[in-house]
Number of protein chains: 2
Amino acid sequence: MTEQPGPRTTYRHGDLRRALIEAGTELAREGGPDAVVLREVTRRAGVTPNAAYRHFADKSALVRAVSLAAQSRLAAAMEEEQSAIADDVDGRKSVAALAQAKLRAVGAGYLRFAQTEPGLFRTAFANHVDIRDAATEESAGAHGRTPFQLLSDALDELVDAGVLSADRRGGAEFVAWSSVHGLAMLVIDGPLRGLDATQRLVAAQRLLEMVQNGI
Amino acid sequence: MTEQPGPRTTYRHGDLRRALIEAGTELAREGGPDAVVLREVTRRAGVTPNAAYRHFADKSALVRAVSLAAQSRLAAAMEEEQSAIADDVDGRKSVAALAQAKLRAVGAGYLRFAQTEPGLFRTAFANHVDIRDAATEESAGAHGRTPFQLLSDALDELVDAGVLSADRRGGAEFVAWSSVHGLAMLVIDGPLRGLDATQRLVAAQRLLEMVQNGI
DNA sequence: CACACTTGTGTACAGTGTTCACTTTTACCT
DNA sequence: AGGTAAAAGTGAACACTGTACACAAGTGTG
């Protein structure tokens with residue numbers, strides 16, 4: 001992305017930190033979190049392995065940065081799905097139906113990203129992601145909201161619309177997130193990998209339905 | 001377990017394959033799938049690294065075997081939870097309530113194992129587990145049933161008891177499994193790691209409730 | 001312009017998975 | 001029995017990895 005052609009001319013790289021994250025992201029996309037190996041990352045950035053240590057404490061710090069970048073892309077996928085819905089109906093639906101559609105879009109975007117970019121998805125949740133990262137700016141999408149925040153927003157709207165009772169609001173993100181996350185993991189990396197596209201879609205629809213009914 | 005004290009006396013090990021799996025399981029328990037490293041495994045078995053290649057094609061095959069062993073322990077945890085329920089009520093409940101309790105036990109055992117043995121749990125689902133393994137004998141518990149089969153059984157009983165309508169039976173294992181698996185992953189390895197014991201329990205109860213209502 | 005600071009390089013080390021050639025033990029066949 | 005082929009172990013080597021240490025090349029500030 002930044003400098004493929006030969007060794008760079010300047011001694012200083014210019015924006016090595018970003019270049020390392022980008023190269024790491026590319027590796028993660030191709031082979032998941034284990035594929036982001038420090039030496040290869042620096043190689044792609046046209047720099048010595050040790051140069052990475054000027055920008056990251058160690059490999060795990062680099063991977064964490066890549067993970068945040070992946071989360072940011074996940075947020076973007078969710079926002080995309082949401083805006084598609086908004087464009088589609090644009091006020092023709094009741095607030096309740098719209099709020100439900102918005103929550104559904106959160107889940108659908110999540111699942112779509114997991115299947116479209118399994119390597120990045122696994123990286124997003126691979127290593128020691130802390131809930132404190134759920135609100136960090138680096139993992140936010142275009143509108144500045146992280147995946148977790150997007151889910152929270154959708155649930156809040158569901159309460160405002162009267163679909164979800166206030167006393168069931170607490171902890172709702174945990175169970176909603178769990179369901180969707182579980183399906184994603186099982187489908188891309190787990191025992192449900194064998195499922196073909198239509199089976200996956202059916203399972204996804206069924207799951208989102210369950211969340212809507214059971215939350 | 002098999003031979004700690006010094007180098008063994010016989011040239012042949014006797015049961016190296018099992019010893020390797022046991023050592024690998026111990027490592028997995030302590031540090032998850034990435035901690036099971038071939039050289040350390042052979043070291044613990046008192047054998048040269050290359051000896052492992054007489055029993056496993058490569059490292060990933062060894063890890064797969066360890067993964068199956070972990071799944072087997074998971075099945076045992078689920079069976080344990082189920083038999084506890086059976087002892088508790090023993091015919092005092094209706095078939096419907098008993099079937100529901102059995103399904104709940106499946107989920108509870110799953111979540112308990114994930115939190116009690118996070119390393120093994122992560123290993124059980126880490127690398128390239130195939131759904132075909134879901135029926136393999138090596139991953140079965142004491143009663144010869146794999147985790148997936150235990151879930152299927154519980155859902156079947158739910159249909160027999162008239163709690164779950166037959167037309168909602170198909171694909172039910174996917175959504176049920178997904179929910180529980182997702183919570184487990186998020187709690188032990190993901191963004192929900194910060195939750196304390198009571199928060200986890202609340203989330204678990206809430207989730208199992210949702211599955212019961214929404215399935 | 002000198003000097004401290006940042007950012008990159010070079011060399012080195014321990015640890016990993018895996019291959020190849022070798023030795024030791026076991027099992028089988030006449 | 002005895003000879004022999006397969007099975008199960010060893011040993012040295014290679015190409016990797018992450019990381020530490022000492023040093024060099026640029027950069028901004030007094």
Side-chain angles (χ1 to χ4, degrees), chain A residues 2-28 30-67 119 123 126-128, chain B residues 2-28 30-67 119 123 126-128:
Chain A
T2 16
E3 350 216 333
Q4 270 98 319
R8 68 191 177 287
T9 110
T10 59
Y11 182 81
R12 298 304 196 49
H13 181 285
D15 197 358
L16 183 53
R17 186 187 154 87
R18 183 177 319 273
L20 292 176
I21 294 182
E22 277 178 16
T25 302
E26 189 54 35
L27 288 173
E30 293 165 8
D34 289 347
V36 35
V37 28
L38 191 143
R39 288 183 104 109
E40 176 64 18
V41 167
T42 57
R43 218 171 281 138
R44 295 199 178 193
V47 102
T48 276
N50 295 347
Y53 287 87
R54 298 292 166 193
H55 301 272
F56 300 98
D58 53 5
K59 179 197 160 166
S60 83
L62 167 62
V63 173
R64 199 160 29 233
V66 173
S67 168
T123 307
N127 273 332
H128 304 340
Chain B
T2 15
E3 351 217 330
Q4 269 97 322
R8 68 192 176 290
T9 111
T10 60
Y11 182 78
R12 303 292 249 254
H13 181 283
D15 199 357
L16 183 54
R17 185 187 155 87
R18 182 176 319 274
L20 291 175
I21 294 182
E22 277 178 16
T25 301
E26 190 54 35
L27 288 174
E30 292 165 9
D34 289 347
V36 34
V37 27
L38 192 142
R39 286 181 107 109
E40 176 64 18
V41 167
T42 57
R43 217 171 282 137
R44 295 199 178 193
V47 101
T48 275
N50 296 348
Y53 287 86
R54 300 290 165 191
H55 301 273
F56 299 98
D58 54 6
K59 179 195 162 168
S60 84
L62 166 62
V63 173
R64 198 158 30 230
V66 173
S67 168
T123 307
N127 270 332
H128 304 338

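So that the names make sense, note that chain A is the first sequence line, chain B the second, and so on, each numbered from 1.
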(request) Quick one: closest heavy-atom pair of B/Ala19 and B/His13, and the distance? (result) CB-CE1, 3.6 Å

Give every pair of a protein N or O atom and an N or O atom of nucleotides 1-6 of chain C that lie under 3.5 Å apart, one pair per line with the distance.
{"residue": "C/dT6", "atom": "O2", "partner": "A/Arg12", "partner atom": "NH2", "Å": "2.2"}

(request) Among D/dT19, D/dT17, D/dG9, find the nucleotide with the atom closest to the side chain of A/Val37. (result) D/dT17

(request) Report yes or no: does A/Ser67 contribute a side-chain atom to a donor-acceptor pair with the main-chain N or O of A/Thr123 at less than 3.5 Å? (result) yes

(message) Rounded to whole Å, please give me the gap between CG in B/Leu16 and C1' in D/dT10.
(response) 13 Å

(request) Check every atom of C/dT7, C/dG17, D/dG18 against the side chain of A/Lys59 and return the nucleotide holding the closest atom. (result) D/dG18

(message) Side-chain N or O of A/Tyr53 versus OP1/OP2 of D/dA20: is the shortest distance under 4.0 Å?
(response) no

(request) Would you kindly check whether a donor in the side chain of B/Arg39 faces an acceptor in the base of C/dG15, or vice versa, at under 3.5 angstrom? (result) no

(message) Using the side-chain heavy atoms of B/Ala51, tell me which of these nucleotides is nearest: D/dG18, D/dT10, C/dG8.
(response) D/dT10

(request) Might you point out which heavy atoms bring B/Ala65 and B/Phe56 nearest each other, and give the distance in Å? (result) CB-CE2, 3.7 Å

(request) Would you please name every residue forming a side chain to side chain contact (heavy atoms under 4.5 Å, CB included) with A/Glu30, sequence neighbours left out? (result) A/Glu26, A/Leu27, A/Arg44

(request) Using whole Å, report how far CG of A/Leu38 lies from C1' of D/dT19. (result) 9 Å

(request) Could you pull out all residues at least two apart from A/Arg43 that satisfy side chain to side chain contact (heavy atoms under 4.5 Å, CB included)? (result) A/Arg39, A/Glu40

(message) Below the 4.0 Å mark, does C/dG8 have OP1 or OP2 next to a side-chain nitrogen or oxygen of A/His55?
(response) yes

(request) Have a look at A/Thr42 and tell me which of A/Val47, A/Thr48, A/Leu62 forms a side chain to side chain contact (heavy atoms under 4.5 Å, CB included) with it. (result) A/Val47

(message) So, OP1 or OP2 of C/dT7: does either fall under 4.0 Å of a side-chain N or O from A/Tyr11?
(response) no

(request) Would you name the heavy atoms of A/Ala45 and A/Leu20 that are closest together and state the gap between them? (result) CB-CD2, 3.9 Å

(message) From CG of A/Asp34 over to P of D/dT17, roughly how many Å is that when rounded to an integer?
(response) 14 Å

(request) In whole angstrom, give the distance that lies between atom CG of A/Leu20 and atom P of D/dG18. (result) 13 Å

(message) Please report the distance, rounded to the nearest Å, between CZ in B/Arg17 and P in D/dA7.
(response) 16 Å

(request) Calculate the interatomic distance between A/Leu27 atom CG and D/dT17 atom P; express it in whole Å. (result) 11 Å

(message) Once you apply a heavy-atom cut-off of 4.0 Å, does B/Arg43 come out as touching a base, just sugar-phosphate, or nothing?
(response) sugar-phosphate

